[in-house]
Amino acid sequence: MTKPRRTLSARLEALGHWFFYVALRVFGQRGGYLLLYPVIGTYLLFGRGIHRQTRPYLRRRFPGHGAWARWVDTMKIVLSFGRVLVDRGWLGMCRGVGLDGELIGARELLDLIGEGKGVVLLTAHVGNWQTALSRINDLSVPINSLMHYEEEAVAKHYFDLRNEPVPFRIIKSDGFMGGLVEATVALQRGEVVTIMGDRYTGGPAVEADFLGDPVRFPAAAYSLASATGAPVAILLAAKTGRRRYRLEVRAIFRPEGGDRDRRREEMNRGVRCFARVLEEYVGEYPQQWYNFFDFWHR
Amino acid sequence: MGSVYAKGETIMEELKNKIKEVIVKDLKLQGLTPAEIDDDAPLFEEGLGLDSLDAVELVVLVQKYFGVQIEDMDEGQKAFRSVNSLAQFISDRQAP
């Protein structure tokens, strides 16, 4: 099968990534961080898109900020995201390097796994989530990740860059029934299934208030948990230093089983719980939530 | 010999009826009786109109009522096409 031809913009993007990868290989993580400044500066000065994309979140998170403060907020959040991407590339390109981190709530997580009903690990596009999540492979059961995965993506996962096996089993969200059947089967085997709670990719959605306005959150995770009896652990990552991350179990939610109506109520309850936890998180780490689009009006 | 086939067909019919009962009762399909479900009708979308949440529940119900767990996703996808294919899948897995 022949590969589809890339557009010019995709090729330019790929060239940009290649340039970063070379810089990382030669100059390491610091070199990648330094290269971020001119690139992001150019985007901020000459591109309107990045300001438009970050505005919906920043104006809700910092409602009192004026134009200049908003510009600085945009710079901080884009720089923060850039560093996460540099870390991912650095880990992929350079052998023998790594991040140090801690998993707060590991004992609780192991206890949940010990119950044998599987665990839904609900996470979000926060901090260095991809890198941090790939480090939790010592949980005694296989980890599955329900995600949109593109093998040909320009911004590759660090394990793809290293040509290493994927550290968890990927359940593709564009598979049969949005991957939910496969996820259910994994939970029935007592395994862990990670799901992004802040990005809608299909299936049921429920509205909840987030930073003062209603937003539709994906709700499949709670339905999965309610049907199988698996608990939901909300696990969020944060980049806490140049080479440090922190993963924390922020809340544990146990949906009640029952009939369909009951399960719908549990989806509502679960989404409200997640929205509250995410709000607390962005209160602590305002520059580490990376949904660069109008989250409230999708 | 004929009676063995007849017995097998009866068991299969009972299995299909049980599957239909479970679908209507546990998935709370309103305005539909088990007898109205066609053996070959697609379970999802244009057929019975089940969605991904129903699929999740169906996986759990198949294990609860028939003691069968879906292990291979290709097989599972085929099994979930219709009542007929689901009955065949359960029957194959229950066979000693």
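Residue numbers start from 1 in every chain, and the chains themselves are labelled A, B, ... in the order their sequence lines are given, proteins ahead of strands. As the structure is a computational prediction, the values presented were derived from the model and not from experiment.
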| message | Taking NZ in B/Lys28 as the centre, count heavy atoms belonging to other residues, nucleotides or ligands within less than 6.0 Å. Is the count above 12? | response |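 Yes, the 6.0 Å shell around NZ holds more than 12 heavy atoms from other groups.
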
| task | Could you tell me which portion of B/Leu61 (side chain, backbone, both or neither) has an atom closer than 4.5 angstrom to a non-hydrogen atom of chain A? | result |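 No part of B/Leu61 comes within 4.5 Å of chain A.
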
| query | What is the distance from atom OG1 of A/Thr184 to atom CD of B/Glu57, rounded to the nearest 0.5 Å? | reply |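 Between atom OG1 of A/Thr184 and atom CD of B/Glu57 there are 9.5 Å.
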
| Between CE of A/Met177 and CZ of B/Phe80, what distance do you get to the nearest 0.5 Å? |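 Answer rounded to 0.5 Å: 9.0 Å.
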
| Contacting moiety of A/Arg263, where chain B heavy atoms sit under 4.5 Å |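 When you check distances to chain B, only side chain atoms of A/Arg263 fall under 4.5 Å.
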
| How close do B/Ala55 and A/Val181 get, heavy atom to heavy atom, and via which atoms? |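 What the structure gives for the nearest pair is CB-CG2, 3.6 Å.
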
| said: On a heavy-atom basis, which atom in A/Gln188 and which in B/Val60 lie closest, and how many Å separate them? | reply: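 Shortest heavy-atom contact: NE2-CA, 3.7 Å.
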
| request: Taking the side chain as every heavy atom from C-beta outward, state whether A/Pro204 and B/Ser52 have any atom pair closer than 4.5 Å. | output: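 Side-chain contact under 4.5 Å: yes.
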
| Check: B/Met73 and A/Val185 side chains under 4.5 Å, non-hydrogen atoms |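 Yes, their side chains come closer than 4.5 Å.
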
| query | Do you know which of B/Leu53, B/Ile70, B/Asp51, B/Asp26 has the most heavy-atom pairs with chain A at a distance under 4.5 angstrom? | reply |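 Among B/Leu53, B/Ile70, B/Asp51, B/Asp26, the one with the most close pairs to chain A is B/Leu53.
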
